[in-house]
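Here you go, one structure.
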Protein chains: 2
Amino acid sequence: MARTAKHSKQELRDMALAAARAVIAEEGSRNVTVRAVAARMGYSVGTLYNIFEGLEELIAALNAETLDGLYDALSQAPITGKPEADLHALLDRYLDFVAANRREWTMMFDERLPEAKAPPAWYLEKVARVFTLLGRMLQPLFAPGEEADLTSAVRLLWIAMHGVWTLDAGGKLFIVTNDPVEKVAHDMVDMFLAGLGARKGD
Amino acid sequence: MARTAKHSKQELRDMALAAARAVIAEEGSRNVTVRAVAARMGYSVGTLYNIFEGLEELIAALNAETLDGLYDALSQAPITGKPEADLHALLDRYLDFVAANRREWTMMFDERLPEAKAPPAWYLEKVARVFTLLGRMLQPLFAPGEEADLTSAVRLLWIAMHGVWTLDAGGKLFIVTNDPVEKVAHDMVDMFLAGLGARKGD
DNA sequence: AAATTAACTTGAACATCGTTCAATTATGCC
DNA sequence: GGCATAATTGAACGATGTTCAAGTTAATTT
């Protein structure tokens, strides 16, 4: 009952996101414009608006893909049961990912959502997945029945690491310290583990 | 030998920044445009370019003022010599300032400096001032000769708090936790102090 | 096979943005 | 009064996100 498109909607979506990533790689994230993406995928601007509500949604879809990639990278980290070693291994994968996808990663955090607009449920779920990974690593430090303390610790650690990541990705870590981001991240984890150990001793 | 301006360059600068703040308050930071600021200060766009190199420099000047305001707020925190109480008091002032200047504060961290361009020296100095405040509060926890550990601890704590602040200001803290930002910040400090205590016990 | 229908695609047009700069205005000086 | 000079203007330019009437193409219907 209709014309068969040269590409399905899913194909167009993938082409658009791939085109956007190409623009990011070759021209920087500032040049991710509707026209640039459209031109690179061989379509017109109008077609992009047929797939996405607008540029913001395209970038949101890009960020979702990036978040998935992060999770995939993290989920390959081994869990030996030794929190310190496991966390350090996880961190290294995180930092490798950020280093390899710096511009994409930075974009994830400057999506300026229209002031007090809740992110969609699927986004929260993607974030929760990452928390679950952290939780599994910290598990050995907590006795059964201390689940509340565990989740609280996971959140605090994640927030602290968020400080490291945002400063690094924004190119502003060197304002604070001259240490490489790997050392800062490891120091942060160590400080945290020391704090956790001290609290359990109370 | 020249025309006397209706307003001195310094006055124009102040008027522009005040106009920008008015725009932020009434129309949001997205609407801080050259035309909006110029109209609000009763001048044309050309005049703005006579004062600032461009919009980016205007926003940078705005951010500098915000950073000064932050320092002023923080420097009023009392130093009693008890790190825990002092840090909590400092945090409360920090959080009050961020709450009262949410949009301005957020703007400080999304100035997308053209990829690996160093900020000016005066900016680094303003940041260093804040570190000095933190350092004075943590001082009692360190023996003479441990200055390196002190500055390292200050940096780590500041980075961790940066995670709290950015998530909160970006309206994304609730993705991580339902706790109010004050509780998160205090928990973070407590975790840090516990970690410091444990390390000194080594 | 022709006509119809509907999805797909286009790109000109619009409002707005940052930025530039020739022209205008208004003052101090001789 | 006339001149030089600084301050100020606002039209103009290129680029942006977005809209939408018009055109195109294939499946369906007659």
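Lettering of chains follows the sequences in order, A, B, ..., and the numbering in each one begins at 1.
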query: Looking just at side-chain N and O atoms, do B:Gln76 and B:Asp72 make a donor-acceptor pair shorter than 3.5 Å?
result: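 Checked: B:Gln76/B:Asp72 side chains show no N/O donor-acceptor pair below 3.5 Å.
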message: Using a strict threshold of under 4.0 Å (side-chain N to carboxylate O), is an ion pair present between B:Asp190 and B:Lys183?
response: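 B:Asp190 and B:Lys183: not salt-bridged.
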- request: State whether the side chain of B:Asp86 and the backbone N or O of B:Thr80 hold a donor-acceptor pair below 3.5 Å, judged by distance alone.
  value: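 Pair found, side chain donor or acceptor close to backbone of B:Thr80.
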- request: Answer yes or no: is there a donor N or O on one side and an acceptor on the other, between the side chain of B:Arg40 and the main chain of B:Ala18, under 3.5 Å?
  value: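 Not a single qualifying donor-acceptor pair exists.
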task: Determine the contact category for B:Thr33: base if any of its heavy atoms lies under 4.0 Å from a base atom, sugar-phosphate if only primed atoms, P, OP1 or OP2 are that close, otherwise nothing.
output: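 Here B:Thr33 touches the backbone only, sparing every base.
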message: Base, sugar-phosphate or nothing for A:Gly46? Non-hydrogen atoms, less than 4.0 Å.
response: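 If one applies the 4.0 Å heavy-atom cut-off, A:Gly46 turns out to touch a base.
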query: Listed in order of residue number, which residues of residues 19-27 of chain B have a non-hydrogen atom at under 4.0 Å from DNA chain D?
result: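 Result for residues 19-27 of chain B: none.
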message: Tell me the interatomic distance from B:Phe52, atom CZ, to C:dT20, atom C1', rounded to whole angstroms.
response: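 That distance rounds to 18 Å.
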- request: Between B:Asn31 and B:Glu53, name the one whose nearest nucleotide on DNA chain C is closer to the 5' end.
  value: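 Its nearest nucleotide being more 5', the pick is B:Asn31.
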- request: Evaluate the side-chain contact (heavy atoms from CB on, under 4.5 Å) criterion for residues A:Leu90 and A:Tyr94: first the C-alpha distance (whole Å), next the side-chain angles of each, then the deciding distance (0.1 Å), finally the verdict.
  value: CA-CA 6 Å; A:Leu90 186 76; A:Tyr94 205 123; 5.8 Å; no
Interatomic distance where CE belongs to A:Met41 and P belongs to C:dC8 [whole Å]: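 The distance from CE of A:Met41 to P of C:dC8 comes to 14 Å, rounded to the nearest Å.
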- prompt: Between CD of B:Glu125 and CZ of B:Arg129, what distance do you get to the nearest 0.5 Å?
  reply: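 That separation rounds to 9.5 Å.
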message: Below the 4.0 Å mark, does C:dC8 have OP1 or OP2 next to a side-chain nitrogen or oxygen of A:Thr47?
response: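 Checking A:Thr47 against C:dC8: no side-chain N or O falls below 4.0 Å of OP1 or OP2.
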query: Taking only N and O in the side chain of B:Tyr43, is any of them less than 4.0 Å away from OP1 or OP2 of D:dT8?
result: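 Yes, because at least one side-chain N or O of B:Tyr43 sits under 4.0 Å from OP1 or OP2 of D:dT8.
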message: Using the side-chain heavy atoms of A:Val45, tell me which of these nucleotides is nearest: D:dA7, C:dT10, D:dT18.
response: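 Shortest atom-to-atom distance from the side chain points to D:dT18.
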message: In this structure, how many angstroms lie between the C1' atom of D:dA6 and the OH atom of B:Tyr49, rounded?
response: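 Going from OH in B:Tyr49 over to C1' in D:dA6 covers 21 Å.
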task: Would you kindly give the CG-to-C1' distance between A:Leu58 and D:dT18, to the nearest whole Å?
output: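 These atoms are roughly 14 Å apart.
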field: Nearest listed nucleotide, side chain of B:Leu12, among C:dT20, D:dG17, D:dT8
entry: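 Nucleotide nearest to B:Leu12's side chain: D:dT8.
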field: A:Arg30 CZ - D:dT16 P separation (whole Å)
entry: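 Distance check: A:Arg30 CZ to D:dT16 P gives 12 Å.
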- request: Can you tell me the distance, in whole Å, between the CG atom of A:Leu48 and the C1' atom of C:dC8?
  value: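 Taking CG of A:Leu48 and C1' of C:dC8, I get 14 Å after rounding.
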message: Measuring from the side chain of A:Asn50 (C-beta onward, heavy atoms only), which nucleotide among D:dT9, D:dA12, C:dT9 has the closest atom?
response: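 In terms of side-chain proximity for A:Asn50, the closest of D:dT9, D:dA12, C:dT9 is C:dT9.
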task: Please report, rounded to the nearest Å, how far the P atom of C:dT20 is from the CG atom of B:Leu55.
output: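 It is 12 Å, rounded to the nearest whole Å.
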- request: Please tell me if the side chains of A:Trp158 and A:Val130 come closer than 4.5 Å, counting only heavy atoms from C-beta onward.
  value: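 Side-chain contact under 4.5 Å: yes.
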task: Could you please name the option among D:dA12, D:dG17, D:dG10 that lies closest to any side-chain atom of B:Arg35?
output: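 Ranking D:dA12, D:dG17, D:dG10 by closest atom to the B:Arg35 side chain puts D:dA12 first.
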field: Atom-pair distance (CD1 on B:Ile51; C1' on D:dT9), nearest Å
entry: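 To the nearest whole Å, that distance equals 13 Å.
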